[in-house]
Each structure stands twice: as structure tokens, then as C-alpha cells.
Protein chains: 2
Amino acid sequence: MGVLATRRRARMSAVRPTGPLDRVAGAHDAAVLAVARRGEPVARAGLADALQVTPQAISKILTRLIDRGMIAESGSFSSGPGKPTTLYRIVPESRRAIGLHLTSSLLHGVVADLTGQVLERRSVEIDPRQPVPALIADLAGTARELARHGGGEMLGVGVGMPGPVDPVEGIYRGSASSADDWRGAPIRDLLLEELALPVHLDHDSRAALVGESWSQPGLLDNAALVLAEEGLGASLRLDGVMVRGAHSQAGEVGHTVVQMDGLPCPCGRRGCAQVEYLAALAAEDQEQAARVLATVVLDLVRLVDVDRVVLGGRSVYAHHQVTMEAVRRALDEGLRAEARVHVEVLLSTRGIDLIAAGAACQVLEHEYGLPSALVGPESE
Amino acid sequence: MGVLATRRRARMSAVRPTGPLDRVAGAHDAAVLAVARRGEPVARAGLADALQVTPQAISKILTRLIDRGMIAESGSFSSGPGKPTTLYRIVPESRRAIGLHLTSSLLHGVVADLTGQVLERRSVEIDPRQPVPALIADLAGTARELARHGGGEMLGVGVGMPGPVDPVEGIYRGSASSADDWRGAPIRDLLLEELALPVHLDHDSRAALVGESWSQPGLLDNAALVLAEEGLGASLRLDGVMVRGAHSQAGEVGHTVVQMDGLPCPCGRRGCAQVEYLAALAAEDQEQAARVLATVVLDLVRLVDVDRVVLGGRSVYAHHQVTMEAVRRALDEGLRAEARVHVEVLLSTRGIDLIAAGAACQVLEHEYGLPSALVGPESE
DNA sequence: ACGATAAGCCAACGCTGTTGCGTTACGTCA
DNA sequence: TGACGTAACGCAACAGCGTTGGCTTATCGT
């Protein structure tokens, strides 16, 4: 048995003898959910077109999803002669997941439904120097409180936090430079043991991008999310797939050099984006901060060719007018030579819940996300 | 019917009623080929482990591949009691593809076998100002000559060329700035009509990376290839998948700014990597050229977290000692803070055939490549 | 009220990998 | 030399996927 999708399906519907075709089914189920997630009711014919399968197959797929309570009929629609088209919609309340956003001083958590909508939020202040067991207790406590809200099957807990994180092992790596009590903590396993729920640990900006793209499938297939909070981070989704990279550090723009002989950085070099950005903020020079951001964004756009850039994080919200304008201007200028390339700059839609909601969506994506290129229209 | 793999399989074995399971089979076939491509004979048990399927399934998969002549038995291997393990190997000569490398003054072509090995090469000088029909005739002529060499089924023709290329539509876009007679030429369709063979047109550096990774599956799953020839280009493979980006321009590093107030560039800005690099070369300052390269590579490593960087192209070969050293030094310096991150810098293995062989491998990859994340060990 | 039309269901089908059990080929030991 | 244990492998039955072709259902136009 095996492969990703098989596991997924095995988890989808409790007990069922493992079959190899599950992965086809799983991929199609996920694809249908992705379309339905956009909110508007969908019809059999449209789905057949989108998935490149027979309408009859869509019926079977929908039957499966309806059995699991994730899809429901939603009226019908008649234009011209013939039997009217039956419409279907997603059932958001059928599943839910918890997302936790951990920073050095604050823990912010949410419960989200199947569409990534936030149902409830909680915030707790935490002590950055408390030992790991106490931290886990805080996380578990908030998760348990949140688990009381909303209905449907609880899928798991996502945790998003800044700094080097190993999402594969579920470990917070921490940075070697600064003292850090949580360094090396196997947060995922500890929390899993505590809660007996699947746990996903990941980088904050990656969680954020998963969250943003979960609620608007397809829109952010080639996008970068730049997160400006305590540090400066980014994450990438290219050709529809979240990019991890060899060391799970793809998108770590904090230490890109933006100013040749700039300010010294703890990392040992000068002019890193992160220090320059934070320094500009400290000096309340929003224009300069925005310029730093713009440089980073322009680099990203050039190197990986994204057509949408999402900006998020506290410091961005605080001055989003200035920031967005500056970034847009820098992009216009930098890309003037390439007329065909248009890049849209967006402000994150989730405000303060950005990362927590994203972490919840990572659980959803792991369970019901597309296994990348298996499904969809011809990719030629 | 539908989805990539279905088509692939349909083409794999001539006429066969389209089934939906083809894509599972196709993915598994491709995975087995990927393992076999490494050269060493493989055993049933090892494949079962790698693909996460039953040994019995591997038997069926191998039967399919043997029927198509792509795999053959290759002795057996006995250790201890019991029936000895049967070994299998890939049959390189069972398939072949043509690769063409087009520059403004030279056309270099190769035939490659199923493993990407070059069987034969041809070079022709061409006139950059000849009209498109004449260019197509040159391409077709070289392809026809090459097609006479080697055995096995001819799969198609790959074309790699510099400059903005649209691999989806198969069109050479050309740059708006310089005069260019081939701008907008639908090279793929024209050549397809001429040769009646599948044609793949792509960017030179992307072709090169496909070629390098085809012959050593898995090794370059997170890698960038930087190509320094007439211009400066790069391509990316992240998490095992070639990255295209929204406008098929991922990896276009030529116009990244490396020197704030550097030399003016045709693109309208100053200090672009490409002009700086070419200027350094013109001044025969190899050290400086290497520094520019190193800056670009460092940016790539930081932003997308590749763990291997392949360098290729004429100007790199000419002074590869200096170049490799400089790049390695810059990386060591730039990544000193992150001890866990180690990046290997490699010189392309294919020399002058780099792009032509890569273009041929693009045909192979399209036909027998892994449909990304469908197959393989559990990705948790 | 009737026929044309379009959506959707049922049943049979081919294919996948899986499972269970039998077969083959080897080393070992009496 | 022959019996035994062992490991690789093959055969046959099986479940489940989407497909195919034919039938049913529900609407509109006349």
C-alpha cells in the first residue's frame, strides 16, 4: 500500500481496506473540494470539465463526499429545456481545525472550518523564557478551549511560529546566535502526545500563505507572501505547490543583502533586509521601510516569477497605505522593461488571524489538499 | 479521459482503451525507470520499498516495462538460502530523443538515449538574421541527420534557446528592446509540422537543468542551474519539480541588481547581474565575473533554499577553477551563520552538449518523467 | 398533452494494486 | 545423495477507480 494519497483516504473514511485506486479517488475528491471551496455552488458539468473526467465520475465523487458530509445539495438551476442542473455546495461546518500562532510573547489561536473561516479566537500572553513543558501546556490549554467551539470532525492542530522550523520533523530549530530556551524542542511530538490529535508545525509565513491560498484556490498558484512582524520572512507557492526547499527554508528573505554597506546584522554581515527594515521602522521612516520591502519583493518576483505578492504582518497593517504604494511603485519601475509581466500586490485578508488561521489551514491542506500535479486540466 | 499521465500512457503503448488507472500505472512506471536510470541493476524488493507498493505490484510493473522493451533482466544475485534475487536494468537503446541547442550564431544538436547519454552530435553555423522559415529548415535538417543514428523508438525533438521563451505555447517571445527577426515565432508548431514529431521548446537553462537531473535522479531535487553564455540565466528545481513560474520566467536572474549604482543595462536600470558579468568578462577580470556569479548564486540559495548549484556555460568552462572557487568562497562566507545549511557547487557534467542534451531529456522527461508528487516514499 | 432536450442513474467493463497461496530455486545439514 | 528450511516469485481471486452505453427523470416549447 502506500503513497501519500492512500494514507489520506485511509484517514478520510475511517476503516476501509486499503486499495491502490484510493489515490486517484483522493486526488479527485480534493480537486472537487478545491472548486467548491470558492463558495459558489457548483454543478456536475462544470466539475467534469475542471477535473477532466466524465460527469458520471463526478457523480460518484460527489456521492463519496456527501456520504462524508462535506458536500451537500444546494438547489437546482434551470436554463432552457431539459432536466435542471443540480447544484452542490461545500459544508463548511463538517470539519474544523485549530491553528495556533506562537510568538515570543503572545499565543494567538483560532478554530477554523473546512473553508478556512475563523469561528473563534483566543489570545494568551506567554513568557518567552518559560521552559518547554510549560509552553506545551499553554499551547494545549488554548487548543482545548478552542476545541469546544464549532461543530464537525476535529482534524488536528497547526502551529505557526517564526524562526527556523523543521516542519518535517516538527522541531523548532531556533537560531544559533541568540539565546533561546525552546531551541530544539520537538513541539509537534510533545503536543501530539498531549492532545492526541494530529499536529503540524511550520514556519509562520508558510502557514500564512497556505491560509491565504486555501480560501481562494487557484488565485495564489504562483505567489509569495511576505510577512513583516518581529522579523522579515517570506514563503512561496510556485506552480500551485508550496515550496519547502532542501532545508525547509525556502523564502527566508530576512538575510538577503539589500544595502551593500548597510547596518551590521547579528548574522555577521551587513545590510540584511531584516535589520534594515527594523531600523527604518524604529526610526519611524515608513517610506524607507517600504523601500526595503519593495527591494525584497522585486528580488522574489525576478527570481521565481510569481504574479501575486501578499503582504502581511503587524508592521505592514500599521502603515499599509504607504507600504503598498511603495511596493507597487518599485515593482512598476523594476519591471517596466518586461511589459508582459504584471504583478499584483495584495494585502493579506485575514488581519490579526493571518498566521493562526493559516496554521489551521495547513491541517486542512494536509488532509484534503491536492496532491499537486495529479489532477486537473492538461498541463501542456 | 484526461490528465497528464493518461496521455502519457496512451502514447506509451500505442492503442489501448483509455482507463483512469493508467495514471497510477504511468506514475509507477516512471518511478521504476527513475530508479533504474541510475545505472545499477535493481531488484524487486528494493523497488517495492522505494515505491511503497507490494513486490507483486513491482512484478506487474516490470512486466509492462519489459513488454515495451525498456527494462531487461540482468542476471541474478544470491546471498544465503532461498531463490536468488532477479536483477533488472534499464535498456538505454530502447528509446531516443533529439535535442537542439539554438543560439544566435550556432546550432548544436545531439541524439540521446533513454538515460540521456549522448549518442551523436552535429553543429551548424547559422545566420541570426535569416528569416524564420530558413531557421526551421536548418533545425529540421539537423534533426533529420541526427535521427539516423542510434536505435529504438524516436520520441521527439527538444529545442533549447536563450531569451524569453514560452514553453507552454512553444513560441520564442524575444526581447522588446533589441531587434530580433525571430520574435514571436511559433517554433514548436512549425517544427512539428515539418518533422511530424513531438517538439518541446524551452529556455536554455531550464533544458540544461532537466538534462542534468535526468541522468542522476534525486540528486538535484533542490537545485539551481546557472548558465553563463551569451547572457546569464538560471533555472530551478524545487522539491523535485521543475519550476516554471507564472510567466515561465522563474530563474531569470539576468536582471537582478547586484551593484546599486553599477553599469547601465539595456533594460533601463543599473547594475544588473548580466551586464556586470559580461563587462567583467570583457575586461578579462575573471575574479570579478566570478564575484557577480557568486552574488547571484547566494541570492538563489537564500531565497529558494537549494542545496546544490550547478554551473554551466562557455564562460564558466573557460575559467572554471577560478569561478568555482569564488562561488564556493562566497557561499561559505554568506552562509556561515547557518551551520546546518550546506550547499554543494557543481560543474555541469555535460560540457558543450549541456543544453542540447538537456533539450533531449526534456522530451524524455515529458514522456517518462515522474508526475511530481504522486509517487514515492511517504512525504511526512 | 406531447415531443424534444438535458441531467443524472444503473450496470457492465477494463484496469490497477492487493491478498492468499502455491511454485521454484537455492543453501544447509543429515 | 536426499530431505528440509528459506526466500523470491507467479497465479488467481478480489475491491475499487473512472468509463461506457443505455435508461430514467424532469423541464421547456409548441
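Numbers restart at 1 for each chain; the letters A, B, ... are given by sequence-line order, proteins then strands. What you are looking at is a predicted structure, and each value in this text was computed from that prediction instead of being measured.
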(request) Can you tell me the distance, in whole Å, between the CG atom of A/Asp67 and the P atom of D/dG16? (result) 13 Å
(message) So, does B/Arg44 get its side chain near the phosphate of D/dA8, meaning an N or O under 4.0 Å from OP1 or OP2?
(response) no
(request) Pick base, sugar-phosphate or nothing for B/Thr86, based on heavy-atom distances below 4.0 Å to the nucleic acid. (result) sugar-phosphate
(message) Nearest heavy atom decides the nucleotide; on that basis, is A/Gly82 or A/Ile61 closer to the 5' end of DNA chain D?
(response) A/Ile61
(message) If you compare all heavy atoms of A/Trp214 against all heavy atoms of A/Leu114, which two are closest, and at what distance to 0.1 Å?
(response) NE1-O, 2.9 Å
(request) Select one nucleotide: of D/dG18, C/dA7, C/dG17, the one nearest the side-chain heavy atoms of A/Ala57. (result) D/dG18
(message) If I take atom CG in residue B/Leu51 and atom P in nucleotide C/dT16, what distance separates them, rounded to the nearest angstrom?
(response) 15 Å
(message) Could you tell me how far apart A/Leu87 (CG) and C/dA6 (C1') are, to the nearest whole angstrom?
(response) 15 Å
(request) Take atom CD1 of A/Ile58 and atom P of C/dA6, then tell me their distance rounded to the nearest Å. (result) 20 Å
(message) Can you confirm whether more than 12 heavy atoms, excluding those of B/Gln216, are under 6.0 Å from its CD atom?
(response) yes
(request) Would you please confirm or rule out a distance under 4.0 Å between OP1 or OP2 of C/dG8 and any side-chain N or O of A/Ser59? (result) no
(request) To the nearest 0.5 Å, tell me how far B/Glu193 CD sits from B/Arg188 CZ. (result) 13.0 Å
(message) Taking A/Arg64 first and then A/Asp29, would you say they form a salt bridge - that is, a charged N and a carboxylate O separated by under 4.0 Å?
(response) yes
(message) For a quick test of reading the model: is some side-chain N or O of B/Thr54 closer than 4.0 Å to OP1 or OP2 of C/dT18?
(response) yes
(message) For C/dG17, does the base pair up with any side-chain atom of B/Lys60 as donor and acceptor (N or O, under 3.5 Å, distance only)?
(response) yes
(message) Return whichever of B/Pro84 or B/Pro55 has its heavy-atom-nearest nucleotide of DNA chain C closer to the 5' end.
(response) B/Pro55
(message) From C-beta outward on A/Arg64, which listed nucleotide comes closest to its side chain: C/dC9, D/dA12, D/dC17?
(response) D/dC17
(request) Determine whether the side chains of A/Thr86 and A/Arg44 contain a donor N or O and an acceptor N or O closer than 3.5 Å. (result) no
(message) Between C1' on C/dC15 and CG on B/Asp29, what's the gap in Å once rounded to a whole number?
(response) 13 Å
(request) Select one nucleotide: of C/dA11, C/dT16, C/dA25, the one nearest the side-chain heavy atoms of B/Lys83. (result) C/dA25
(request) Taking only Lys NZ, Arg NE, NH1 and NH2, and the carboxylate oxygens of Asp or Glu, determine whether B/Glu365 and B/Arg237 approach each other closer than 4.0 Å. (result) yes
(message) Please pick, from C/dT5, C/dT19, C/dC9, the nucleotide with the shortest atom-to-atom distance to any side-chain atom of A/Gln56.
(response) C/dC9
(message) Expressed as a whole number of angstroms, how long is the span from A/Phe77:CZ to D/dC28:P?
(response) 12 Å
(request) Kindly say if A/Arg23 contacts the phosphate of C/dG17, meaning a side-chain N or O under 4.0 Å from OP1 or OP2. (result) no
(request) Verify the contact: side-chain N or O of A/His28 to OP1 or OP2 of D/dC17, cut-off strictly under 4.0 Å; return yes or no. (result) no
(request) Starting at atom CD of A/Gln52, determine the distance to atom P of D/dC17, rounded to an integer number of angstrom. (result) 21 Å
(message) Taking 4.0 Å as the cut-off, does a side-chain nitrogen or oxygen of A/Ser78 come that near to OP1 or OP2 on D/dT27?
(response) no
